[in-house]
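The figures here come from the full heavy-atom set of this structure, side chains too, leaving out hydrogens, waters and symmetry mates. Counting begins at 1 with the first residue of the sequence. Ligands are counted one by one from 1 in listed order, and the atoms in each one are counted from 1 as well.
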Amino acid sequence: MKRSLLAPAIAALSLACGSNTYPEPTGPIPFEPQRPDLVAPGTATPYTGMDPFVLEAQTRYPTGVDLHRKLVMRTCSGTNGVCHNQKEYPDLHTPATFAASIDAPCNVASGTWDTVYDRCERLGDRFRFAEESFREIEIGWFEFIPGETPDFGETGTKPDASTPGLHLYLYDPIPLERERVGATGTFIRNFIDDQGNVQGLAFASYDTRWWMLDDRRHVFAEVSQYQRDRVEGLVASGIVQGDQNRNGVFGARTGTTVPLINPGKPEESYLVARLRGYMGAESVPGTRMPLANQPPSTVDMLALMCFIEGLDPGAAQWNLSSAIDYTQCSYSADPQSLTLVGNGVTWRQRVLPILQSNCGGCHGGSNPQAGLDLLAEDAYQRVLQASTQKPELKLIQPGEPQQSYLYRKLVGDGSITGTRMPINPLNGDAPLPTDQLDAISDWITAGAQEDG
Ligand code: HEC
């Protein structure tokens with residue numbers, strides 16, 4: 001089924017490229033893992049301008065260590081510790097793992113393939129048959145369908161995309177006329193030798209009967225009971241897939257690969273893109289971060305952007321305890337443009353005034369209805385908590401109006417307990433005007449921010 005969706009994309013790609021050759025891996029590769037060095041704090045000229053966002057960022061986030069402790073950790077910790085459990089997101093729990101995400105590839109251990117971003121895809125491992133002389137071919141993606149491959153015998157039936165066994169989907173077709181061969185499939189990966197040069201080495205192999213299916217880019221390996229452990233071991237070795245998200249685009253070949261944190265380039269950092277939901281004009285797949293908590297404010301974003309912009313792309317390693325340079329930072333000129341709320345709908349500016357004037361009469365004072373005080377100092381904190389009528393829902397669930405009980409009470413869908421809000425003491429039914437409902441819905445969708 002997946003195959004049939006993919007086939008046109010691959011066909012289009014082959015038309016566009018028309019080439020059967022794999023780029024020769026030569027020269028040193030740029031990536032080296034970076035380890036943090038927390039010894040000597042660097043200095044930066046303090047910001048002495050008047051912008052209140054910059055001044056606050058400078059106070060709250062003087063260094064990358066503060067950024068990690070107060071922003072990254074807060075964003076990560078929520079329900080179940082999202083950064084830890086979400087496989088598509090890296091572990092950012094310690095300053096060391098945070099520093100290691102600088103210039104490191106993104107979506108490496110993605111739990112689900114469909115949330116991988118093309119610009120995170122790396123050059124895939126390569127495949128060939130040991131007994132044949134054709135050039136090794138990049139692996140787009142693979143799928144191991146558990147179970148024993150049925151015996152096809154000589155009956156003329158062929159495996160298809162759902163047959164138990166190992167399926168490989170390749171960049172180029174296998175240049176063999178035969179449809180079925182007994183051969184040793186060999187998996188090749190680039191390693192760096194002593195001289196720092198890239199070398200392709202076979203890291204795994206699998207001896208079985210292979211099928212060349214469809215356009216011969218789909219290669220199928222039979223798996224019998226006795227071969228099962230071997231194939232599971234192969235899969236567990238972590239074959240790098242060049243088209244991890246199976247959409248026909250091999251991200252690394254587009255030459256637009258981005259790392260998690262791109263030193264000097266906040267706009268081209270996957271981490272920032274996941275907070276925003278887009279990179280440039282392109283939307284980024286996956287749920288918008290953070291999953292569980294209040295999203296970063298303008299001040300938070302300013303600190304993050306200035307931190308990334310200040311990282312020297314040429315550095316051998318990065319020092320998180322260096323001061324973030326707000327004076328040199330280009331984002332200090334207009335911090336408000338960094339708001340994640342999009343159209344500027346915030347609790348304080350738009351939502352609270354709507355609630356105060358429409359709801360405050362009943363949800364305020366000494367005996368607020370349903371125990372919900374929308375005039376209280378901490379009303380914002382309160383609405384992020386559970387409803388009393390439907391404790392399984394929060395009053396406001398950032399990012400999800402339909403899962404926000406307060407919003408449901410306003411639209412009056414069938415699931416609510418009691419009456420649609422606001423109750424009009426005269427006629428009982430008086431929904432908020434559409435533009436106000438839209439404003440509240442937009443605000444929730446954009447992450448339900450308190451301030452701009
Ligand atoms: C005339 C009084 C009145 C007004 C005005 C009013 N409410 Fe209510 N509200 C109530 C009463 C009474 C209840 C409990 C009974 C019910 O839900 O029907 C309630 C319950 C609620 C609940 C359920 C609380 C929970 O924790 O589950 C929410 C949410 C709510 N109101 C939101 C609002 C909002 C938002 C507004 C303004 C747009 C508003 N109400 C306006 C009287 C009012």
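- Within the sub-2.8 Å shell of atom 8 (Fe) of ligand 1, the protein contributes these N/O/S atoms: His363 NE2, Met421 SD.
- Protein heavy atom nearest atom 25 (C) of ligand 1, with residue, atom name and distance: Thr388 OG1, 3.2 Å.
- For atom 27 (O) of ligand 1, the closest non-hydrogen atom of the protein is Ser387 OG, 2.8 Å.
- Ile261 CD1 to Ser269 OG: the interatomic distance, rounded to the nearest 0.5 Å, is 6.5 Å.
- Between Gln402 and Tyr407, the side chains place no donor N or O within less than 3.5 Å of an acceptor N or O (distance only, hydrogens not considered).
- Taking a cut-off of under 4.0 Å to the non-hydrogen atoms of Tyr405, the atoms of ligand 1 that pass are 27 (O).
- Ligand 1 places these atoms under 4.0 Å from at least one heavy atom of Gly418: 16 (C), 17 (O), 18 (O).
- You'll find the side chain of Phe187 reaches within 4.5 Å of the side chain of Leu234, heavy atoms only.
- In this structure the side chain of Gln356 never reaches within 4.5 angstrom of the side chain of Leu374, judged on heavy atoms.
- Atoms of ligand 1 found under 4.0 Å from any heavy atom of Leu410 (numbered from 1 in listed order, with element): 35 (C), 38 (C).
- Judged as a ring pair (Phe, Tyr, Trp, His ring centres under 6.0 Å), and not counting sequence neighbours, the contacts of His68 are Phe98.
- Thr254 is not listed as a side-chain neighbour of Asp118, based on a closest heavy-atom distance of 4.5 Å or more.
- Among all non-hydrogen protein atoms, the one lying nearest atom 14 (C) of ligand 1 is Gln389 NE2, 3.6 Å.
- In this model, a donor atom of one side chain and an acceptor atom of the other lie less than 3.5 Å apart for Arg408 and Ser415.
- No side-chain donor-acceptor contact under 3.5 Å links Lys394 and Gln403.
- For the pair Leu384/Arg382, no side-chain contact is recorded, criterion being any heavy-atom separation below 4.5 Å from C-beta on.
- Residue contacts with ligand 1, taken as heavy atom pairs separated by less than 4.0 Å, involve Leu395 solely via side-chain atoms from C-beta onward.
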